[in-house]
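Just so you know, ligand 1 is whichever comes first in the structure, and atom 1 is the first atom listed for that ligand. Keep in mind that the numbers below use all heavy atoms, side chains included, and drop hydrogens, waters and symmetry copies.
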Amino acid sequence: MIIPEQPTETAPAAKGSSFLSVQDLKVSFATEDGIVRAVNGLSFDLEKGRTLGIVGESGSGKSVTNLTILGLHNPRTTTVEGQILLDGQELVTASDKELAKLRGSKMSMVFQDALAALSPYYTVGRQIAEPYMKHTGASKKEARDRAIEMLTKVGIPQPQTRVDDYPHQFSGGMRQRAMIAMALVNDPELLIADEPTTALDVTVQAQILDLLKDLQQETGTSIIFITHDLGVIANIADDVLVMYAGRCVERGTMAEVLDSSQHPYGWGLLRSIPHMNADVDKPLMPIPGTPPSLLNPPSGCAFHPRCEFRDKVGGDRCVTELPRLELANGHLSACHLTPQQKQDIFAQQIQPQLG
Ligand code: ADP
Ligand code: MG
């Protein structure tokens, strides 16, 4: 089957004017079953010191987007198109060597699984010290001091002795803190955190979120925070990009999306936040249906098979026509409903269901 070229979303921000500028990014994988279009025309900007939340269900292309920014994709099986400018430097065409140099200095990352990210064979301190020595040329002693300083910063008790522990001697929350220490040791300007709290219990999760926010205030790092749970980033992200099937379907400030989401998928995410205002009487409403395969995504609006509002759009537009990202009631959304319909549905049907 031939998949026709679809128009890509509009990109309202001026090209390359911000700290991180992603323009019309497309990432696809050649697989035995066909081409997987994991990211399909994504554009966004991130300013210095701000936090962008990228939210969407599993398989929507969040991790692929960020691995591509970091240059951690496999170039043999991955096709990348579009532009990624980090502080004016083009990353899509950058060499492996340039990217490796940027990783761990200008940009770094924190993942969900600290056990996989940390080596079991080296002490936590050494794993924090090593990238510091490599980047700054510091001595072993200086780097050890820096590791202790970083462990203190991320709230590890008795950092003077803990620095010599191995990862398995740390609790899950402490390992996550250690990974954050490692990621921040060279004062990166961009930190990508991919579901960093998903494996943690709620209390520890809240502590880690607070920690990231505090460290950001201290260092001015820009953060991309990836999660499948809008509730997790509600308090820490300045801006939010909602992803569905490899595309951005809604983008605005966190407040705009929380207070007046303009997309049926955004409404679904809002309704599935566990107890946003601790109102236990409101039932949790998971989004019905499952996310589509990116091997063969639905035509038109990829969300149409799950959308309860497509009858309100005339004809079969949702099935045949890809909605563009357009301004509606103050921020960007990609849905064929009119701005008036979006406003009315949100106010009359969605808002009353939220906690
Ligand atoms: P998520 O939003 O959960 O982070 P991902 O970005 O990991 O989603 O994945 C997006 C899509 O790309 C998924 O359908 C996934 O199966 C597919 N994908 C990711 N990496 C590869 C790869 N190396 N080869 C083929 N398909 C991939
Ligand atoms: Mg992921």
Side-chain angles (χ1 to χ4, degrees), residues 1 3 6 8-9 22 24-44 51-82 84 91-92 96 99 107-117 176 179 183 191-200 205 208 223-233 237 240-251 257 263 265-266 268-269 272-273 286-287 289-299 302-303 305-306 334:
M1 192 187 104
I3 302 165
Q6 303 243 25
T8 53
E9 67 179 50
V22 174
D24 202 15
L25 182 69
K26 293 179 183 172
V27 186
S28 55
F29 304 102
T31 71
E32 276 182 16
D33 301 320
I35 294 175
V36 176
R37 294 179 205 281
V39 180
N40 206 342
L42 196 68
S43 301
F44 64 86
T51 300
L52 171 73
I54 299 186
V55 62
E57 287 163 298
S58 177
S60 54
K62 308 181 298 295
S63 294
V64 169
T65 301
N66 289 284
L67 290 173
T68 308
I69 294 173
L70 292 160
L72 289 174
H73 53 281
N74 180 349
R76 277 184 303 147
T77 54
T78 317
T79 306
V80 181
E81 294 166 79
I84 302 170
L91 300 189
V92 171
D96 288 351
L99 288 165
M107 57 183 180
S108 67
M109 59 265 171
V110 181
F111 297 116
Q112 176 177 338
D113 187 357
L115 262 192
Q176 215 62 19
M179 190 164 45
L191 177 71
I192 296 182
D194 193 343
E195 310 254 11
T197 62
T198 302
L200 305 173
Q205 174 169 313
I208 298 287
I223 299 179
I224 296 180
F225 195 109
I226 301 172
T227 177
H228 63 280
D229 181 352
L230 188 54
V232 166
I233 49 168
V240 61
L241 187 159
V242 180
M243 259 186 112
Y244 192 79
R247 297 179 193 272
C248 171
V249 295
E250 184 166 20
R251 199 174 85 205
V257 172
H263 195 285
Y265 184 61
L269 291 177
S272 57
I273 295 179
I287 304 171
T290 49
S293 151
L294 296 180
L295 202 53
N296 196 359
S299 59
F303 189 59
R306 301 170 75 186

Backbone or side chain, does any N or O of [X] fall under 3.5 Å from an N or O of ligand 1?
| X | value |
| --- | --- |
| T31 | no |
| V64 | yes |
| G61 | yes |
| G59 | yes |

(message) What's the separation between atom CG in L70 and atom CG in D194, rounded to the nearest 0.5 Å?
(response)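 Reported value, rounded in 0.5 Å steps: 9.5 Å.
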(message) Using the rule side chain to side chain contact (heavy atoms under 4.5 Å, CB included), only one of K62, E250, E57 pairs with M243; which is it?
(response) K62
(request) Could you name the option among N66, I226, V55, L294 that has the heavy atom nearest to atom 14 (O) of ligand 1? (result) L294
(message) Tell me whether the rings of F303 and H263 are parallel (<30°), tilted (30 to 60°) or perpendicular (>60°).
(response) tilted
Protein heavy atom at shortest distance from [atom]:
| atom | answer |
| --- | --- |
| atom 2 (O) of ligand 1 | K62 NZ, 2.8 Å |
| atom 26 (N) of ligand 1 | F29 CD1, 3.4 Å |
| atom 17 (C) of ligand 1 | V36 CG1, 4.0 Å |
| atom 12 (O) of ligand 1 | A38 CB, 3.4 Å |

(request) Using protein heavy atoms only, decide if any is under 4.0 Å from atom 7 (O) of ligand 1. (result)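 So far as the 4.0 Å threshold goes, atom 7 (O) of ligand 1 is in reach of a protein heavy atom.
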(message) Looking at atom 21 (C) of ligand 1, tell me if a protein heavy atom falls under 4.0 Å from it.
(response)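 Yes; the ligand atom in question has protein heavy-atom contact below 4.0 Å.
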(request) Would you mind reporting whether T198 and H228 have side-chain heavy atoms less than 4.5 Å apart? (result) yes
(request) Considering the heavy atoms of S60, write down every atom of ligand 1 situated less than 4.0 Å from one of them. (result)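 Every atom of ligand 1 under 4.0 Å from some heavy atom of S60: 1 (P), 2 (O), 8 (O).
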(request) Taking only heavy atoms of S58 into account, list the atoms of ligand 1 that are under 4.0 Å away from them. (result)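 Near S58, the atoms of ligand 1 are 3 (O).
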Measure from the side-chain N and O atoms of [X] to the backbone N and O of [Y], and report whether any donor-acceptor pair falls under 3.5 Å.
| X | Y | result |
| --- | --- | --- |
| Q176 | F111 | yes |
| R251 | L241 | no |
| T197 | L200 | no |

(request) Evaluate the side-chain contact (heavy atoms from CB on, under 4.5 Å) criterion for residues S28 and T79: first the C-alpha distance (whole Å), next the side-chain angles of each, then the deciding distance (0.1 Å), finally the verdict. (result) CA-CA 5 Å; S28 55; T79 306; 3.7 Å; yes
(message) So that I can check it, does any N, O or S atom in S63 come closer than 2.8 Å to the Mg ion (ligand 2)?
(response)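 Within the cut-off used here (under 2.8 Å), S63 does place an N, O or S atom near the Mg ion (ligand 2).
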(message) Between I192 and V110, does the side-chain contact (heavy atoms from CB on, under 4.5 Å) criterion hold? Intermediate values first, please.
(response) CA-CA 6 Å; I192 296 182; V110 181; over 6 Å; no
